[in-house]
Amino acid sequence: MHDQLRLLETSFNTNQKLTTEVKFELARELGLPPRQVAIWYQNRRARRKANTMEDDHKKIQMDLGDVLAGNIRLDKEIGMLRNELNTAQQLLLPASSSATTLPSLTAPCNDHPTSNTRGDIICNREMPACFLQ
DNA sequence: TTGTGTTTTACGACCTCC
DNA sequence: GGAGGTCGTAAAACACAA
């Protein structure tokens with residue numbers, strides 16, 4: 001039984017397609033009907049395909065995890081950069097005119113809103129305050 | 001022991017290639 | 001048209017917890 005399986009596995013690993021010659025040769029060596037050899041090959045191919053799909057699925061899941069982790073990293077970086085920019089602008093603004101010449105650094109920009117394909121609000125103005133919110 | 005989930009075997013229906 | 005492929009599925013065999 002184990003020897004039969006080993007012979008079939010060896011043959012299958014050599015070639016997953018079963019030629020007529022190989023089928024009859026295996027059937028003769030194993031003392032089985034050629035039909036049974038053919039069916040074993042069919043089922044073995046199906047099993048290999050299922051295993052391959054399972055492996056692919058695992059790999060995709062791992063890749064997705066990496067991408068999500070990268071997103072979190074980038075979100076943190078964006079937050080830090082926004083803070084730095086905010087601080088720099090506060091230092092550059094003359095205290096007396098800031099309220100009238102520049103938009104708020106914290107309030108959302110609603111005067112030139114557009115949206116991208118994700119529905120995010122985008123402002124077209126140069127140095128938009130809405131970018132900082 | 002038995003109920004249940006998993007794996008293996010076998011088959012029919014349909015498709016492709018020579 | 002025949003040989004051999006995939007796909008879906010039923011039945012048998014097997015593993016294992018309760």
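Since the structure is predicted, the reported quantities are computational estimates derived from the model, not experimental observations.
The minimum heavy-atom distance linking A/Arg35 with A/Gln42 is given by the pair NH1-NE2, 4.4 Å.
We find that A/Lys59 and A/Asp55 are not joined by a salt bridge, their nearest charged nitrogen and carboxylate oxygen being 4.0 Å or further apart. A salt bridge is absent between A/Glu77 and A/Arg73; no separation between the charged side-chain nitrogens and carboxylate oxygens falls under 4.0 Å. Taking the charged nitrogens against the carboxylate oxygens, A/Arg6 and A/Glu9 have no contact shorter than 4.0 Å, which rules out a salt bridge.
Between B/dA10, C/dG4, B/dC11, one nucleotide has an atom nearer to the side chain of A/Asn43 than all others, and that is B/dA10. For A/Lys49, the listed nucleotide lying nearest its side chain is C/dC7; candidates were C/dC7, B/dA10, C/dG5. Side-chain atoms of A/Gln42 lie closest to C/dT6 of the nucleotides C/dG4, C/dT6, B/dT9. Side-chain proximity of A/Thr20 to the nucleotides C/dT6, B/dT9, C/dG4 is greatest for C/dG4.
OP1 or OP2 of C/dG4 has at least one side-chain nitrogen or oxygen of A/Lys23 nearer than 4.0 Å. Under 4.0 angstrom from either OP1 or OP2 of C/dG5 there lies at least one side-chain N or O belonging to A/Arg45. Of the side-chain N and O atoms in A/Arg47, none sit less than 4.0 angstrom from OP1 or OP2 of B/dT7.
Between A/Arg48 atom CZ and B/dT8 atom P the separation is 14 Å, expressed in whole Å. Atom CG in A/Asn15 sits roughly 13 Å away from atom C1' in C/dG5 (whole-Å rounding). At whole-Å resolution of the value, CG in A/Leu8 and C1' in B/dT9 are 13 Å apart. To the nearest angstrom, P of C/dG4 lies 17 Å from CD of A/Gln16. One atom, CZ of A/Phe12, and another, P of B/dT9, lie 13 Å apart when rounded to the nearest Å. Atoms CD1 (A/Ile39) and C1' (B/dG12) sit 11 Å apart, rounded to a whole Å. In this entry the distance linking OH of A/Tyr41 with P of C/dG5 reads 9 Å, nearest Å. At whole-Å resolution of the value, CD in A/Gln4 and C1' in B/dT8 are 14 Å apart.
Within 4.0 Å (heavy atoms only), A/Gln36 reaches sugar-phosphate atoms of the nucleic acid but no base atom.
With 3.5 Å as the limit, one finds no donor-acceptor pair spanning the side chains of A/Asn13 and A/Arg44.
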